[in-house]
**Q** 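Shown below is the structure under consideration.
We name chains A, B, ... by the order of the sequence lines, and we start the count at 1 in each one.
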Amino acid sequence: AQSVAQPEDQVNVAEGNPLTVKCTYSVSGNPYLFWYVQYPNRGLQFLLKYITGDNLVKGSYGFEAEFNKSQTSFHLKKPSALVSDSALYFCAVRALNSGNTPLVFGKGTRLSVIA
Amino acid sequence: DGGITQSPKYLFRKEGQNVTLSCEQNLNHDAMYWYRQDPGQGLRLIYYSQIVNDFQKGDIAEGYSVSREKKESFPLTVTSAQKNPTAFYLCASTPLTGPGDDGYTFGAGTRLTVV
């Protein structure tokens, strides 16, 4: 079975400081990992994905994520947070060679960037 | 522009009433999904469909029904058997291309409230 854990319901960070939103996963075989962002009353928007290759993945809006196989983690990072980054962030996973089984999502982490 | 359209944006249901949420995509995607979003619970899979005239139950299918008569359309009916239907409903789609696709494209959601 696949699962995703986002251990923090809320992350607060000052504008200009680096931010990290944590994600750990469990999957049989190699993972296919995603980060999505959701603004109030909207659908989810794709930020970045990891399939294989470089463990540091760069995505939209200056976000990046670091894949760590030994720790089964895929933490989302940004060097300098903006107030406009305040939103709900979801990590998602499925097994890489599982056909097109549905993504499993974490519970989400609310990021609040304070000016 | 290609995308997913969910309608209506807001829907109110009386006790004992069935309601249908619309999801239409013009992306030529094969697979479509319905998720339910509740505060603090993330996204939970209701139903999904990978081809026309075929669909599978997700984790919380009880009280819901779907159809997939056309590739572009995947409507969700919330029946009177669903005891707690108040939630934000998200529709998503993806091509069946396996690894390399950008995960899901989401609609803007429908907020259903029982009155």
**Q** Inspect the surroundings of OH in A/Tyr61 and state if more than 12 heavy atoms from other residues, nucleotides or ligands are less than 6.0 Å away.
**A** no
**Q** Do B/Leu90 and A/Gln38 have side chains that approach each other closer than 4.5 Å (heavy atoms only, starting at C-beta)?
**A** yes
**Q** Can you confirm whether A/Gln10 is buried at CD, in the sense that more than 12 heavy atoms of other residues, nucleotides or ligands lie under 6.0 Å from that atom?
**A** yes
**Q** Heavy-atom distances under 4.5 Å only: say whether B/Gln56 touches chain A with side chain, backbone, both or neither.
**A** neither
**Q** Is B/Leu45 in contact with chain A via its backbone, its side chain, both, or neither, using a 4.5 Å heavy-atom distance?
**A**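 For B/Leu45, the side chain is the part near chain A, not the backbone.
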**Q** Could you check whether any side-chain heavy atom of A/Phe105 comes within less than 4.5 Å of a side-chain heavy atom of B/Tyr35, counting everything from C-beta outward?
**A** yes
**Q** Are the side chains of A/Leu88 and B/Gln37 in touch, meaning some heavy atoms are under 4.5 Å apart?
**A**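 They are in side-chain contact.
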**Q** Heavy-atom count around B/Lys9 NZ within 6.0 Å, excluding the residue itself: above 12?
**A**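 Yes.
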**Q** Answer yes or no: are there more than 12 heavy-atom neighbours, outside A/Lys78 itself, under 6.0 Å from its atom NZ?
**A**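 Enclosed: over 12 neighbouring heavy atoms sit under 6.0 Å from NZ of A/Lys78.
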**Q** Below 4.5 Å, heavy-atom pairs only: which of A/Gly43, A/Pro102, A/Gly106 has the largest tally toward chain B?
**A**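 Looking at each option in turn, the highest pair count goes to A/Pro102.
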**Q** Using a 4.5 Å cut-off on heavy atoms from C-beta on, say whether the side chain of A/Leu44 contacts that of B/Leu43.
**A**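 They are in contact (side-chain heavy atoms under 4.5 Å apart), so the answer is yes.
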**Q** Under the 3.5 angstrom rule, does the side chain of B/Tyr104 hit a backbone N or O of A/Leu103 as a donor-acceptor pair?
**A** yes
**Q** Relative to chain A, which of B/Gly107, B/Ala108, B/Gly40 shows the most heavy atom pairs under 4.5 Å?
**A**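 Most pairs with chain A among the choices: B/Ala108.
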**Q** For atom CD of B/Glu62, decide whether the heavy atoms of other residues, nucleotides or ligands shown that lie under 6.0 angstrom number more than 12.
**A** no
**Q** Looking at B/Arg111, I want to see if its CZ is surrounded by more than 12 non-hydrogen atoms of other residues, nucleotides or ligands under 6.0 Å.
**A** yes
**Q** Quick one, A/Phe46 with B/Phe106, criterion ring pair (Phe, Tyr, Trp, His ring centres under 6.0 Å). Give me CA distance, side-chain angles, the key distance, then yes/no.
**A** CA-CA 9 Å; A/Phe46 170 80; B/Phe106 280 87; over 10 Å; no
**Q** So for atom NZ, which belongs to B/Lys71, do other residues, nucleotides or ligands contribute more than 12 heavy atoms lying within a distance under 6.0 Å?
**A**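 Result for NZ/B/Lys71: enclosed.
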